[in-house]
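A quick write-up on the structure given underneath.
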Amino acid sequence: MDAIRKASDDKSGPQIGAPTAWKAGYTGKGVKIAVLDTGVDYHHPDLKHQVIASKNFTDSPDADDHYGHGTHAASIAAGTGAQSGGKYTGVAPGAKILNGKVLGDDGSGDDSAIIAGMDWAAEQGADIVNLSLGGTDYPGIDPLEAEVDKLSEERGILFAVASGNEGDLGPNSSTGTVGSPGSAPDALTVGAVDGKDRIADFSSTGPVYDGSVKPDVTAPGVDITAAAAPGSVIDQEVGEKPAGYLTISGTSMAAPHVAGAAAILKQEHPDWGYAQLKAVLMGSAKAGGYTPYQQGAGRIAVDKAIKETVFAEQPSLAYGVQRWPHTDDSPVTKHLTYRNTGTADLTLKLSSTSVDPDGKKAPAGFFTLGAGSVTVPAGGTASVGVTVHTKLGAATGPYAGYVVATGGGQTVRSTMGVQREPQSYNVTLKYRNRPGQTSTHLTSLTAFEGLGSGDEYDSQTSNDTVTMRVPKGTYVLDSVSLKDVTSDAGGIDWLSRPSLKVDKDVSVTIDLNTTKASDITVPDASATPVAAGIGYESASLSTDFSVYATSFADLRIAHLGPAVHGLSETWTGQWEQGASAEYDVLTGADVTTFKPLTKHYKASELATIKANLGSPAPNRTGAVTLSGETEYGITLIEPITQRLPGTRTLHVSGGNSVAWALSFDQYGPKPDEFGYPVGVAHYIDGDMRIYQGGRTYTTTFDNAMFAPMLNSDYGLYREGNAISGLVPLVADGDGHAGSSDFSSVRTTLYRNGRKIGANTDPLFGEKPFTVPSAKASYRLTTTVKRSPDVARVSLRIDAAWTFTSKKTSDATYLPASVLRIAAHTDLTGHAPARRKVTAPVTVQGSAAGRNLKALAVYVSYDGGKHWTKTAVSHGHITYKNPAKRKAISFRYTITDKKGNTSAVTIHDAYFGK
């Protein structure tokens, strides 16, 4: 939801002038701010006496904040700073908080909950509502936008809404990234700046679909320190520094600064409603070197706002979209009406500036003022016309500017914006539903040629007809219709036209009755469908699209328009059979029309992979993930969780047309905050490989003994003057590369006997050591430890390598070796107690083969207190397994013929049973 940044001291309140307002007696006292968010931790000292009402509108069990977002926002708006001795005081500490939990414990929510929260806030007498939330904006008025405008106009409530964290699409974009409901005309929409009033790179920008200027203002939103909800999701991710507070960034942090500022202004003017509050906060904003589509009127300055006696009743003039062609465009005039609340007449000097879509000065006469000054009588109003003449422009796209009124020591800033439409046409979509069914239609037009190349235009509607206005070009039209937008219940109808030329007004009929489902089956009719996906790609058109459902029966498709050459289509299916088996099929074909597939797989067409899944810790679960590849691309198959240890039987598409790669994850004992399993160990089966139909293959994951591994992909290396390593320190017994969570890591590098440095990189290659250029002798050591919750075997690995090295011109492997011991254990890391065994051993790395000079192997049965050397003969070692419930440890040393050495100890490698 919000970016996580480095913590910094709180300066955002002073940045917007809040202390000046406090000194003047304005703290928001008597004002109610509704924070509609993830809940508020009203036990926090900064909020303990601030929250006066709470209500939960989500499926989560209570109105407390288990995510950590709402508490942070509430603290910015109206926190008392009690825990920090006032250091992290909110903008309006005298205001009270209405806690409306509209986003669940996972940080998300639906429109109905948010709207219910808005209505509740109005019933509770909210003066200000903070909405640090949002979603994608579409053309037209959506339910959230409608509710914001309704309550603003009927109840006078000011909505401070985050603009979003989608950044800037660039100066020529015809639509911006501002989300809904920040796109609502009456909302006071807030972008983010840093401590130096620079626009944050994540801050969403305008224009919105109707051409209006958004955001309206900006406020501090980078590295904001405010109250933490202990144990919440964000608290765990970020950590408290100092205690009780956390620091995050986002327009979600900027919006409550504005909500607090509005509360201060509301205290000063209790009779003002949303329109006056919005107008004064915009008019008194501090200018920055940005366009209105980036910053609105500017960064709020509440110290200026409380002194303003004049404001523009229309703080932003929206001229909308002026349609192409522009040869017949007529001037359009709107009026700025200034209201003077003071006791003396006030003469305002007027000036304007404006820019074209490229950020250059707009043509002379494009925006014009009806007068150079205006006198506003005391207690009265005066207006001036502002005219836009889009016929005068050359470039197409958004034009924007400012009207600045100065006089009597005051400055009033207003924004203005218009879209000069490029050559565009209407695309009328006519939907035909299935009998007795009303569907929601999600349609996108993505341009791959023409004036809008690269842009996507979206529509979501339940109407039978909708018209989209798009620039001249060639588009991919994709339309997905659902009975229920939250699931595939009732099926999905997907119609696609891979190439739609728009060089005039066009009409497309999207008839859901023409779609058909693919008929793809596997040999076992009792297998339960889990997932089905269909996708297409056009290399010549540089487009691809895919849709997934529970089963192929739920996914109905049809092609629109003429055939298209260079089109390919893929079908992916997954079925589950019992608790430990599944079917996974993948196929593709060159096609000219988007169409369903009929294919009934025979057993002879499927390969069987039996994946034995270890469990070095008891009572765990895990899953195998499949990646499939055809000539048409790569598809990831969703993993299915099962109990460990066990065997996963995967029946997959066989033959030369598809290749598969397997990976395995062992999960920890607790899920994450969203209920998903948390991986604590991960292993991969290498590159894609082909499995032949009718054959059975076997592999084993996550089995003892876990120990370091080297091959052509892994080793120690030097690049220039940086030495690092990429070594799987706990590769599993079958030689699968991978790793697990470590409870502690210590990696150290010595040069000519002197310590260069140490870090916590378990040889993932993430923290290289910088060394001098000259040739020297080095010793690299690492020790990693694992928690018994992750694995009860190979609890600790100690490794040390010595080598000589000097500066390299590019990445070069360094001489290092390891020994792989093929111990025979079960899937839990146990072997028959006290049995004499002979195990194959293999040297990997620089000492492999004829490069080996010396090898010594030792075993210990008492945790490494005493070691016994075991003979190495013809690539094998002979020793006894440990006693029942006891562990065996291994130590070895290797010297290659160039004198480079390796020493590795594997503690508690496996147990006897």
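Numbers here are sequence positions counted from 1.
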Under a 4.5 Å cut-off applied to non-hydrogen side-chain atoms, are [X] and [Y] in contact?
X: Asp896; Y: Lys853; result: no
X: Asn759; Y: Phe769; result: yes
X: Leu749; Y: Arg751; result: no
X: Pro616; Y: Gln666; result: yes
X: Phe764; Y: Ser739; result: yes

(message) Going by salt bridge (charged side-chain N to carboxylate O under 4.0 Å, His left out), name the pairs with one or both residues in residues 774-794, residues two or more places apart or in two chains.
(response)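 Applying salt bridge (charged side-chain N to carboxylate O under 4.0 Å, His left out) to every pair that reaches into residues 774-794, excluding sequence neighbours, yields Arg620-Asp789.
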List in chain and number order the residues that pass side-chain hydrogen bond (donor to acceptor under 3.5 Å, both in side chains) with [X], two or more places apart in sequence or in another chain; answer none if no residue qualifies.
X: Thr760; result: Lys767
X: Thr893; result: none
X: Asp235; result: none
X: Thr621; result: none

Would you name the heavy atoms of [X] and [Y] that are closest together and state the gap between them?
X: Pro762; Y: Phe742; value: CB-CE1, 3.7 Å
X: Pro708; Y: Ile797; value: CG-CG2, 4.0 Å
X: Ala704; Y: Gly829; value: CB-CA, 4.0 Å

Any donor and acceptor pair, going by atom type alone, linking the side chain of [X] with main-chain N or O of [Y] inside 3.5 Å?
X: Ser889; Y: Asp908; answer: yes
X: Tyr601; Y: Val585; answer: no
X: Lys897; Y: Arg850; answer: yes
X: Gln844; Y: Leu710; answer: yes
X: Glu582; Y: Trp575; answer: no
X: Gln577; Y: Tyr583; answer: no
X: Thr802; Y: Thr901; answer: yes

(message) Apply side-chain contact (heavy atoms from CB on, under 4.5 Å) to residues Tyr892 and Val818 and explain how you reach the verdict.
(response) CA-CA 9 Å; Tyr892 61 80; Val818 298; 3.4 Å; yes
Residues 655-662 side chain polar contacts: donor-acceptor under 3.5 Å, at least two apart:
residue: Asn656; atom: OD1; partner: Gln692; partner atom: NE2; Å: 3.1
residue: Trp660; atom: NE1; partner: Ser653; partner atom: O; Å: 2.9

(message) Any donor-acceptor pair under 3.5 Å linking the side-chain atoms of Ser860 with those of Asp862?
(response)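 Yes, Ser860 and Asp862 have a side-chain donor paired with an acceptor closer than 3.5 Å.
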(message) If only side-chain N and O atoms count, and only distance matters, is there a donor-acceptor pair under 3.5 Å linking Ser232 with His66?
(response)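 Absent: no donor and acceptor within the cut-off.
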Residue pairs fulfilling side-chain hydrogen bond (donor to acceptor under 3.5 Å, both in side chains) with at least one residue in [range], sequence neighbours excluded:
range: residues 816-826; answer: Ser817-Ser846, Asp826-Thr828, Asp826-Lys913
range: residues 712-730; answer: Arg718-Asn721, Arg718-Ser805, Asn721-Ser773
range: residues 867-878; answer: Thr838-Thr878

(request) From the options Val872, Thr842, Val843, select the one residue that forms a side-chain contact (heavy atoms from CB on, under 4.5 Å) with Leu819. (result)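 Answer to the side-chain contact (heavy atoms from CB on, under 4.5 Å) test with Leu819 among Val872, Thr842, Val843: Val843.
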(request) Quickly, which of Val784, Thr781, Leu780, Thr783 forms a side-chain contact (heavy atoms from CB on, under 4.5 Å) with Thr747? Name it, please. (result)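 Going through the options one by one, the only one that passes is Leu780.
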Which atom pairs, one a donor and one an acceptor, fall under 3.5 Å between side chains of residues 638-647 and the rest of the protein, sequence neighbours left out?
residue: Gln642; atom: OE1; partner: Arg648; partner atom: NH1; Å: 2.9
residue: Thr647; atom: OG1; partner: Asn612; partner atom: OD1; Å: 3.0

Say you draw a straight line from [atom1] of [X] to [atom2] of [Y]; how long is it, rounded to the nearest 0.5 Å?
X: Leu827; Y: Ser615; atom1: CG; atom2: OG; value: 9.0 Å
X: Ile894; Y: Asn900; atom1: CD1; atom2: CG; value: 11.5 Å
X: Leu636; Y: Thr625; atom1: CG; atom2: OG1; value: 6.0 Å
X: Phe803; Y: Leu716; atom1: CZ; atom2: CG; value: 6.0 Å
X: Gln236; Y: Leu246; atom1: CD; atom2: CG; value: 11.5 Å
X: Ile520; Y: Thr587; atom1: CD1; atom2: OG1; value: 8.0 Å

(message) Does Val238 form a side-chain contact (heavy atoms from CB on, under 4.5 Å) with Thr247? I'd like the steps, not just the answer.
(response) CA-CA 8 Å; Val238 179; Thr247 301; 5.5 Å; no
(message) Holding to side-chain contact (heavy atoms from CB on, under 4.5 Å), I want the full list of residues that pass it with His736, two or more places apart in sequence or in another chain.
(response)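 By the side-chain contact (heavy atoms from CB on, under 4.5 Å) rule, His736 matches Tyr683, Asp685, Thr699, Phe701, Asp732, Asp734.
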(request) Using side-chain contact (heavy atoms from CB on, under 4.5 Å) as the criterion, list what pairs up with Phe911, not counting sequence neighbours. (result)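 Residues passing side-chain contact (heavy atoms from CB on, under 4.5 Å) with Phe911: Val793, His830, Ala887.
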(message) Applying side-chain contact (heavy atoms from CB on, under 4.5 Å) to Ile888 and Tyr910, what does each step give before you reach the verdict?
(response) CA-CA 6 Å; Ile888 184 173; Tyr910 64 88; 3.7 Å; yes
(message) Counting the benzene-type ring for Trp, do Tyr879 and Phe890 have ring centres under 6.0 Å apart?
(response)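 Centroid separation for Tyr879 and Phe890: below 6.0 Å.
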(message) Does Lys670 form a side-chain contact (heavy atoms from CB on, under 4.5 Å) with Val678? I'd like the steps, not just the answer.
(response) CA-CA 7 Å; Lys670 295 181 180 180; Val678 176; over 6 Å; no
